[in-house]
Amino acid sequence: MDPQVTDRPPIENPPAPEKRLDSWKEIAAWLNRDVTTAQRWEKREGMPVHRHAHEKRGSVYALASELDAWLQSRKPLQEENSKQNENEERLDFGVIPERHRARPRWVLWAVTTTIAFAAVLGWVIVRRQPSAVPQQKIRSLAVLPLRNLSGDLSQDYLADGITEALIGRLAAIHDLRVISHTSVMRFKNPQRSVPEIARILNVDAVVEGSVIRDGNNIRVTAQLIRGATDEHFWSETYDREFRDVLTLESDMAQAIAGKVAATVTGDEQKRIAQVRPVAPEVYESYLKGLFAVENGNARSDIEQGIGYFNDAVARDPTFAPGYVGLAAGYSQLGTVFAGVSPSDTRPKVTRFARKALDLDPGLVQAHLLLAAVLQEEWHWPEAEAEYQSAISLSPNNPKVLGAYAGWLACEGRTDEAVVDIQQAQALDPVGVSGTDVASILFLAHRFDDAARELRSTLAVQPNSVDTLWQLGFVLSANNRPDDAIP
């Protein structure tokens with residue numbers, strides 16, 4: 001053995017680890033103050049607070065020893081202010097300090113007159129100042145993909161799954177427009193600022209945060225940011241065991257809904273707060289299945305996801321989301337891209353969607369998947385009933401409104417279809433493209449309007465194959481074949 005190592009004297013008393021406070025809430029609790037006071041002290045009095053170099057403004061931490069030292073240095077100032085306030089209070093209550101009692105009356109008159117004049121002048125100045133602009137009510141929200149800070153890319157499925165679950169719970173609120181999971185995933189690794197993203201998505205506020213998993217423990221941080229001003233007006237850190245992740249998602253959704261002051265009905269509150277017990281391994285298989293199906297680019301990815309969903313329902317046959325996952329997986333397998341015959345996949349989509357709804361009638365995606373199969377098999381009234389159920393559960397869901405617009409167009413109710421697809425685009429301008437709107441306008445024989453939508457899309461995406469293809473059909477239908485050929 002190396003003598004340089006063995007001869008080194010042992011460390012008898014290693015230093016205790018530095019206590020670190022990882023959020024404004026923890027900092028405020030250490031100071032025995034509220035978060036607003038803690039933030040004011042940092043801004044106005046130089047209280048030592050650090051910011052993560054890899055995080056955006058609002059992700060902070062502080063060292064307890066530094067805060068204690070700062071508080072000690074602040075005490076003399078507090079004592080001086082306390083004495084000054086005591087003298088002011090005695091004056092306020094008509095008690096004249098000893099040093100003022102021998103003053104001549106004209107001095108007191110002069111002082112009184114000066115104070116009165118200053119008060120009037122102050123009142124005039126305040127009246128002339130513009131009144132504070134009230135904060136606009138938050139009516140729309142985007143939950144950006146939570147960042148996986150575990151240092152393990154294989155944990156991405158967890159961050160994406162919690163993001164989607166949070167969006168799903170908030171989307172149940174009729175008073176709040178929430179951008180779809182598909183649209184926000186385009187900003188998973190954003191190079192844009194929060195105000196830019198808010199402008200693109202046309203939302204009032206943005207939720208961003210991170211997920212860290214360490215064995216059976218999980219930490220999720222989240223913060224609310226006003227899109228127009230980049231103001232961070234709420235932040236929270238949730239430390240839980242992984243088995244409590246569903247409760248964590250519910251608590252986050254309720255906190256955000258309360259902070260944006262959304263009007264929540266009784267039924268909506270029940271759906272947001274609903275938590276059923278589920279074994280950690282069941283939920284983990286489910287999240288892995290979602291990640292494989294939604295992020296995969298090949299048939300093998302979809303089949304892998306179906307395997308995870310099968311594992312989830314095998315472990316817990318009462319876990320309804322697992323059956324929704326199976327229905328979604330087989331629905332994707334039955335497309336021309338995956339290459340499996342719809343005659344093989346549709347019965348499975350129907351069976352698993354119905355099984356999910358038997359267990360939980362409030363699952364929006366199950367209604368939507370079942371409606372699509374019924375429509376494809378020409379069961380029009382039954383399909384509409386499922387679409388209406390989905391709309392009643394999630395009235396601001398652009399995916400639901402877009403799918404129902406297609407059903408309305410097939411029924412010849414094209415004016416209603418145009419209204420619904422345009423509403424879907426207004427709710428989610430990224431997820432519902434001009435090409436989607438143009439396809440409904442085409443079926444409504446509004447060819448000029450459809451062409452305008454498609455050309456607007458091509459101005460941004462000039463090489464979009466689908467948009468070029470549709471524009472050709474629109475121009476041909478509008479008796480302009482020479483323009484359609486290029």
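Note that the numbering runs from 1 along the sequence shown for the chain. Quantities reported herein were computed from a predicted structural model and do not represent experimental measurements. Hydrogens, waters and symmetry mates play no part in the numbers below; they use all other heavy atoms, side chains included.
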K.L.:
Has Asp214 got more than 12 heavy atoms of other residues, nucleotides or ligands less than 6.0 Å from its CG?
P.N.:
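Counting other residues, nucleotides and ligands, CG of Asp214 stays at 12 neighbours or fewer.
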K.L.:
Does atom NZ (Lys288) have a neighbourhood of more than 12 heavy atoms from anything else shown, all under 6.0 Å?
P.N.:
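Counting other residues, nucleotides and ligands, NZ of Lys288 exceeds 12 neighbours.
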K.L.:
Does a sphere of radius 6.0 Å around CH2 in Trp380 hold more than 12 heavy atoms from other residues, nucleotides or ligands, not counting ones at 6.0 Å or beyond?
P.N.:
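Result for CH2/Trp380: enclosed.
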K.L.:
Hey, does Leu158 have a side-chain heavy atom less than 4.5 Å from the side chain of Asn148?
P.N.:
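No, too far: nothing below the 4.5 Å cut-off.
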K.L.:
Could Arg243 and Glu241 be called an ion pair, given the rule that one side-chain N must be under 4.0 Å from one carboxylate O?
P.N.:
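A salt bridge is present here (some side-chain N lies under 4.0 Å from a carboxylate O).
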K.L.:
Calculate, to the nearest 0.5 Å, the distance between atoms CZ and CG belonging to Phe442 and Leu471 respectively.
P.N.:
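Result: 11.0 Å between the selected atoms.
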K.L.:
What residues, two or more places apart in sequence or in another chain, satisfy ring-ring contact (aromatic ring centres under 6.0 Å, His included) together with Tyr404?
P.N.:
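ring-ring contact (aromatic ring centres under 6.0 Å, His included) list for Tyr404, sorted by chain: Tyr387, Trp407.
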K.L.:
Indicate whether any N or O donor in one side chain lies under 3.5 Å from an N or O acceptor in the other, for Asp466 and Thr435.
P.N.:
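Judged by distance alone, the side chains do not pair up.
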K.L.:
Let me confirm one number: the NE2-CG distance from His367 to Leu370, rounded to the nearest 0.5 Å.
P.N.:
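His367 NE2 to Leu370 CG: 8.5 Å, rounded to 0.5 Å.
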K.L.:
Could you check whether Arg213 makes a cation-pi contact with Phe242, meaning its NZ or CZ is under 6.0 Å from the centre of the six-membered ring and within 45° of the ring axis?
P.N.:
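Here Arg213 passes the 6.0 Å and 45° test against Phe242.
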K.L.:
Please check if any side-chain donor atom of Ser180 sits under 3.5 Å from a side-chain acceptor atom of Thr182, or the reverse.
P.N.:
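The answer is no; no qualifying pair exists.
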K.L.:
Taking only residues two or more places apart in sequence or in another chain, which ones pass side chain to side chain contact (heavy atoms under 4.5 Å, CB included) with Asp448?
P.N.:
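Partners of Asp448 by the side chain to side chain contact (heavy atoms under 4.5 Å, CB included) criterion, ordered by chain and then number, come out as Arg452, Asn478.
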K.L.:
Using 0.5 Å steps for rounding, measure from the CG atom of Leu408 to the CD atom of Glu384.
P.N.:
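It is 7.0 Å, given to the nearest 0.5 Å.
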K.L.:
Can you pull the salt bridge (charged side-chain N to carboxylate O under 4.0 Å, His left out) pairs that have at least one residue in residues 149-173, sequence neighbours excluded?
P.N.:
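Qualifying pairs, neighbours excluded: Asp160-Lys188.
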K.L.:
Would you name the heavy atoms of Ala356 and Tyr323 that are closest together and state the gap between them?
P.N.:
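What the structure gives for the nearest pair is CB-CB, 3.9 Å.
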